[in-house]
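See structure below.
Every chain is numbered from 1 and lettered A, B, ... according to where its sequence line falls, protein lines coming before strand lines.
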There are 2 protein chains.
Amino acid sequence: MADELVLDKELAVHGASLSDQLVAVLQRRVISGEVPIGAWLRHEALAEEFGVSRTPVREALRILADQGFVSIVPNRGARVNGLSGHDIREIGQVRGELEGLAAALACDRINDDQTKRMTQSWDAFRESLDESQDVQTERWMRANDEFHSVILEAAGNHHLTLTIGVLRRRLPHNISFATYAGNSRLIKKNLAEHEAIAKAILEQDHELARRLMSEHIRNSNEAIAHWVDKNAAQAP
Amino acid sequence: MADELVLDKELAVHGASLSDQLVAVLQRRVISGEVPIGAWLRHEALAEEFGVSRTPVREALRILADQGFVSIVPNRGARVNGLSGHDIREIGQVRGELEGLAAALACDRINDDQTKRMTQSWDAFRESLDESQDVQTERWMRANDEFHSVILEAAGNHHLTLTIGVLRRRLPHNISFATYAGNSRLIKKNLAEHEAIAKAILEQDHELARRLMSEHIRNSNEAIAHWVDKNAAQAP
DNA sequence: TGAACCGGGATTGGATGCAAGTGCGGTAAA
DNA sequence: TTTACCGCACTTGCATCCAATCCCGGTTCA
């Protein structure tokens with residue numbers, strides 16, 4: 001019962017099946033870095049923690065494996081996957097391309113509400129510079145997400161959104177967090193790039209918006225990849 | 001036992017878990033159009049057919065649902081998904097962008113072996129024009145796959161390959177087949193586009209290769225989308 | 001005649017049971 | 001002391017089992 005409370009508290013969607021809910025929770029845990037790279041996820045432990053049987057846990061782990069979050073070692077269990085700097089650069093190249101497309105599409109399709117949210121996110125961005133380090137990074141990351149989400153929404157291509165979602169989920173948040181935390185030089189650079197992108201979109205300069213966005217994503221992933229390479233103290 | 005024979009014959013990988021093997025088989029069936037859009041996939045029937053219990057079938061269906069092949073209706077089962085013309089155009093835009101990137105990358109990275117395979121595929125392409133309609137389309141589709149696969153391989157970005165794979169799998173083969181079958185005008189157009197792309201890659205004209213490939217994919221998906229819109233006799 | 005209602009059959013969702021596989025620690029031998 | 005081996009505990013993989021849900025038919029009532 002206490003377990004079910006934990007489940008209720010942590011789960012967003014109630015109507016979905018247990019496995020779907022578990023997928024969401026475990027994704028969050030991996031992306032947030034709450035469970036470290038290389039950790040084993042055990043059926044029994046998770047089942048007990050969430051007050052369910054091993055069956056939905058197994059299903060969830062298989063889906064996570066299919067999504068690349070964990071690797072299933074036969075008869076051994078599911079282990080959380082890590083990424084190399086090389087992986088991160090590759091992902092940056094792919095995602096940069098797609099977010100560039102989104103920015104170009106957004107030029108023609110963005111509406112007033114979205115414009116407002118885009119510029120607002122970037123105000124929040126600015127304000128976050130005055131906060132303490134962790135709060136700053138936290139707020140910045142939210143503003144960053146909002147900025148990209150609005151543009152994606154404005155682009156109005158469902159499959160594009162889906163595909164970028166897949167790529168976003170490949171990169172655990174805590175790595176980006178660790179890269180940007182307390183590095184206000186990087187954050188300011190990001191801010192400047194966002195402003196330039198927003199400007200290009202509002203001026204409906206398709207090619208500029210595309211190029212700037214594309215570079216922006218690649219720059220960002222390059223910084224993260226660099227951090228990962230430096231701090232390559234990953235679990236074996 | 002007879003059932004297990006069927007399983008063995010149809011399954012490629014033997015070491016993998018039953019659910020993984022089932023995922024592969026069912027993906028093939030959906031992509032090939034062997035099971036029609038809107039059809040229900042039943043646990044019991046599949047379990048019996050493959051001589052396994054319902055548990056691995058359930059796991060496989062959940063993974064297929066996560067990949068978008070089927071939709072799981074709570075307490076009702078898994079139903080094979082179809083795509084609208086709009087979906088196909090959206091996918092074309094996304095995939096065009098990424099294959100364009102692949103072509104641009106391939107300019108610098110393609111090696112002799114890959115060059116040979118690329119031009120060979122396009123010879124096979126040409127030869128297929130002399131065959132009977134179905135054989136022609138069949139051979140053409142294989143040549144087409146080979147052409148794109150080689151370029152992707154030459155691009156040398158693993159995550160790009162993964163991502164395009166996801167997009168490819170979203171579009172059942174039988175729809176493309178139906179679109180191109182017996183339409184040698186379309187096939188010839190495709191051939192011409194392939195030749196132009198190959199030429200651009202070999203001349204290391206990054207921007208041209210990118211643009212041609214991108215347009216090529218969008219054209220192709222446009223033709224398919226058009227066919228789907230015309231023949232919108234899809235299951236309800 | 002038509003709409004609301006109810007029960008049975010089919011089907012899924014989740015829990016539990018059991019055999020098979022794996023790694024680790026302890027022990028014995030070199 | 002080091003290395004090879006063996007057995008045990010742990011974990012997974014799959015099968016089976018039970019309850020909850022849903023649809024579809026027939027039936028009843030307005």
Side-chain angles (χ1 to χ4, degrees), chain A residues 1-8 10-26 35 38-66 69-81 235-236, chain B residues 1-8 10-26 35 38-66 69-81 235-236:
Chain A
M1 320 178 174
D3 292 337
E4 292 184 13
L5 278 180
V6 172
L7 191 71
D8 282 351
E10 202 160 358
L11 296 179
V13 188
H14 269 255
S17 69
L18 285 180
S19 357
D20 289 343
Q21 301 183 26
L22 286 169
V23 167
V25 175
L26 295 177
V35 292
W40 289 98
L41 298 179
R42 304 276 174 214
H43 292 180
E44 187 61 43
L46 293 171
E48 195 172 348
E49 175 181 358
F50 293 111
V52 300
S53 83
R54 284 171 39 218
T55 307
V57 173
R58 268 175 54 84
E59 290 172 355
L61 288 178
R62 286 221 120 83
I63 291 177
L64 290 179
D66 190 72
F69 285 98
V70 302
S71 293
I72 289 186
V73 187
N75 293 313
R76 285 291 293 149
R79 186 208 296 257
V80 177
N81 282 334
Chain B
M1 316 177 176
D3 292 336
E4 291 183 15
L5 278 180
V6 173
L7 190 70
D8 282 350
E10 202 161 356
L11 295 180
V13 188
H14 269 257
S17 69
L18 285 181
S19 359
D20 289 343
Q21 301 182 26
L22 286 169
V23 167
V25 175
L26 295 177
V35 292
W40 290 99
L41 298 178
R42 303 279 174 210
H43 293 180
E44 188 60 42
L46 293 171
E48 196 172 348
E49 175 181 358
F50 293 111
V52 300
S53 82
R54 282 175 42 218
T55 307
V57 173
R58 268 171 51 87
E59 290 171 355
L61 288 177
R62 285 225 123 82
I63 291 177
L64 290 178
D66 189 73
F69 285 97
V70 302
S71 293
I72 289 186
V73 188
N75 293 312
R76 284 292 294 149
R79 184 207 294 256
V80 176
N81 281 332

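Straight-line distance from the CG atom of A:Asp20 to the P atom of C:dT12: 16 Å, rounded to whole Å. Here C:dT11 presents its P atom at 14 Å from CG of B:Leu61, a figure rounded to the nearest Å. Atoms CD (A:Glu48) and C1' (D:dC10) sit 15 Å apart, rounded to a whole Å. Rounded to whole Å, atom P of C:dT12 lies 15 Å from atom CD of B:Glu59. In this structure, CD1 of A:Ile72 is placed 16 Å from C1' of C:dG21, rounded to the nearest angstrom. Summarising the geometry, the separation between CZ on B:Arg79 and P on D:dC23 is reported as 11 Å, rounded to the nearest angstrom. Rounded to whole Å, the distance from NE2 on A:His43 to C1' on C:dG17 is 16 Å.
Taken from CD1 in A:Ile63 to CG in B:Leu64, the straight-line distance is 10.0 Å, to the nearest 0.5 Å. Atom CZ of A:Arg79 is separated from atom CG of A:Leu41 by 11.0 Å, given to the nearest 0.5 angstrom. For the atom pair CG of B:Leu26 and OG of B:Ser19, the computed distance is 11.0 Å after rounding to the nearest 0.5 Å. Taking CD from B:Glu59 and CG from B:Asp20, the interatomic distance works out to 9.0 Å, rounded to the nearest 0.5 Å. Rounding to the nearest 0.5 Å gives a distance of 10.5 Å between OG of A:Ser53 and CZ of A:Arg58.
Here the side chain of B:Ser19 is nearest to one of C:dG14, D:dC14, C:dT22, namely D:dC14. Closest approach to the B:Ser17 side chain among C:dG13, D:dT12, D:dC14 is made by D:dC14 (side chain taken as heavy atoms from C-beta onward).
When heavy atoms are screened at a 4.0 angstrom cut-off, A:Leu41 is found touching the sugar-phosphate backbone but no base atom. At the heavy-atom level, B:Arg58 lies under 4.0 Å from base atoms of the strands shown.
Nearest heavy-atom pair across B:Val57 and B:Val52 is CG2-CG2, 4.0 Å.
Each of A:Arg76 and B:Arg76 lies near DNA chain C, and the nucleotide nearest B:Arg76 is the one positioned closer to the 5' end. Taking the nucleotide of DNA chain C with the nearest heavy atom to each of B:Glu44 and A:Pro56, the more 5' of the two is matched to B:Glu44.
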### Task
Can you check each nucleotide of nucleotides 16-21 of chain D against protein heavy atoms at under 4.0 Å and return B for base, S for sugar-phosphate only, - for none, in 5' to 3' order?
BB---S
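A:Arg62 and B:Ser17 share a side-chain donor-acceptor pair at under 3.5 Å.
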